[in-house]
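A quick write-up on the structure given underneath.
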Amino acid sequence: MYKIYFDKSGVFLNISNTRLDLDFVRSQFPAFKDPICKDWSFFENAGGSYVPQQVIKKLNEFMVSTKVQPYADYPMSKIAGQKMDQAIELFAKIINANNKEIIIGGSTSINLYVLSNALKYLIKPGDEIIVTEQDHEANISPWRRLTEVGAKIIEWKINPETAELEIDKLEHLINDRTKIVAVTHCSNIVGTVNDLKKISEIAHKKNAFVIGDGVSYAPHGFPDVKELGVDFYTFSLYKTYGPHLALLYGKEDILKSLPNQNHEFLENIYPYTINPGGPNHEELVSLIGIYDYMMDLYEHHFNIQNLSTREKINQINNLISIHEEEVANPILDYIFKREDLNLIGKNKIINKNRAPTISFTNRNKTSKEVSDILVNNKIATRNDNFYAWRCLESLGIDTNDGVVRISMVHYNNIEETNKIIDALDQIKF
Ligand SMILES: Cc1ncc(COP(=O)(O)O)c(C=O)c1O
């Protein structure tokens, strides 16, 4: 048990001796003991994470006892409905939103497509939409499609040397015609964390909406959406230790004003009006397990109980970032220093300026060849463009072969860090 402390004004102090207990963390994920997974070092987390026992338990309980149509008056149905509502309430608390601001869909790609359909009624010919060159295609193509209603697409390009998006470029692109800025919180290739708070401030001066893609950010610590100031934010729950669903947050005032895309009689019952149908019930309920896991992490490491969910999440986030820096920085440093490897993005995580999502190419071998060698060393990774093909194209990387991506989360340990460095070291490229 660790302690947390407050300074005189009651602000949490980040105590350096409070460390993430990796044995505890890994004991929560059955995959680490599973015969198929246990001998592998899992470095494909940006593709989808392992799932803790708390999620599996909730999924199982729902399937056994309450897998009926929810919201009727018999007990199984009543409980099913209550649990579905509870999952939404808990996730609202986790990201500091309210219940009416949470929409659960099948994936981030679906969420953004559905959102773009809803927002298209606000777009008039000549209105401008800013999309980036760094984003996953999920947060680009739905907006590019709005040329159908006369939108003009403006591309916020990356700096080809650093692969980063620069804020001063945005300041030049944005103007009174800009209606939407669609930008990733963290790139799934470059790893850089973009300053969504600053971007929102800039966009709001022009009354433009900001659509933040949090898919590569949220697995490293659930964000506070109010703090970010974004109008919409989405992330994939299957990458934040849950089932294959995705969450879309939207500011209530905006959701209220969007057209009904659901059944006619649901008019005005936002947020149900946004999606043309409901989510997968059992998977929705299993999201309670993500909350339970986070709270178990909190209880295991801290001893102050009278904090809000969001305050507890902040504490967990701090622990996670310190640990992720420790396990990712040696790999970043190793790849950066190897002359034959070309690291994309920053070579060090400092204060959460970067996620431990590490992409690189090799001068002498294809990414597929490098990835195959790693896989032969029981390192679960892959090569691909990971649907951020515009980013790769701009960096001059073959979009078919793509990059090798090593992506870590808080359950990766230092032994795995050493294993990957050893594997790369033994390979003579
Ligand atoms: C940064 C980013 N955005 C969006 C997506 C799309 O998410 P989904 O698979 O839930 O559609 C991904 C998927 O890998 C991603 O990495």
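Hydrogens, waters and symmetry mates play no part in the numbers below; they use all other heavy atoms, side chains included. Both counts, for ligands and for their atoms, begin at 1 and track the order of listing.
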Between E101 and K251 (salt bridge meaning N to carboxylate O under 4.0 Å), is one present in this structure? no
In I158, N342, V403, the residue satisfying side-chain contact (heavy atoms from CB on, under 4.5 Å) with L395 is I158
Lys NZ or Arg CZ of K83 over F62 ring: under 6.0 Å, within 45°: no
Which protein residues have a heavy atom under 4.0 Å from ligand 1? S107, T108, S109, H136, A138, N188, D213, V215, S216, S236, Y238, K239
Thinking salt bridges, do E325 and K352 make one under a 4.0 Å N-O criterion? no
Look at K179 together with E128 and state whether they make a salt bridge at an N to O cut-off of under 4.0 Å. no
Contacts of type side chain to side chain donor-acceptor pair (under 3.5 Å), residue Y121, not counting sequence neighbours: none
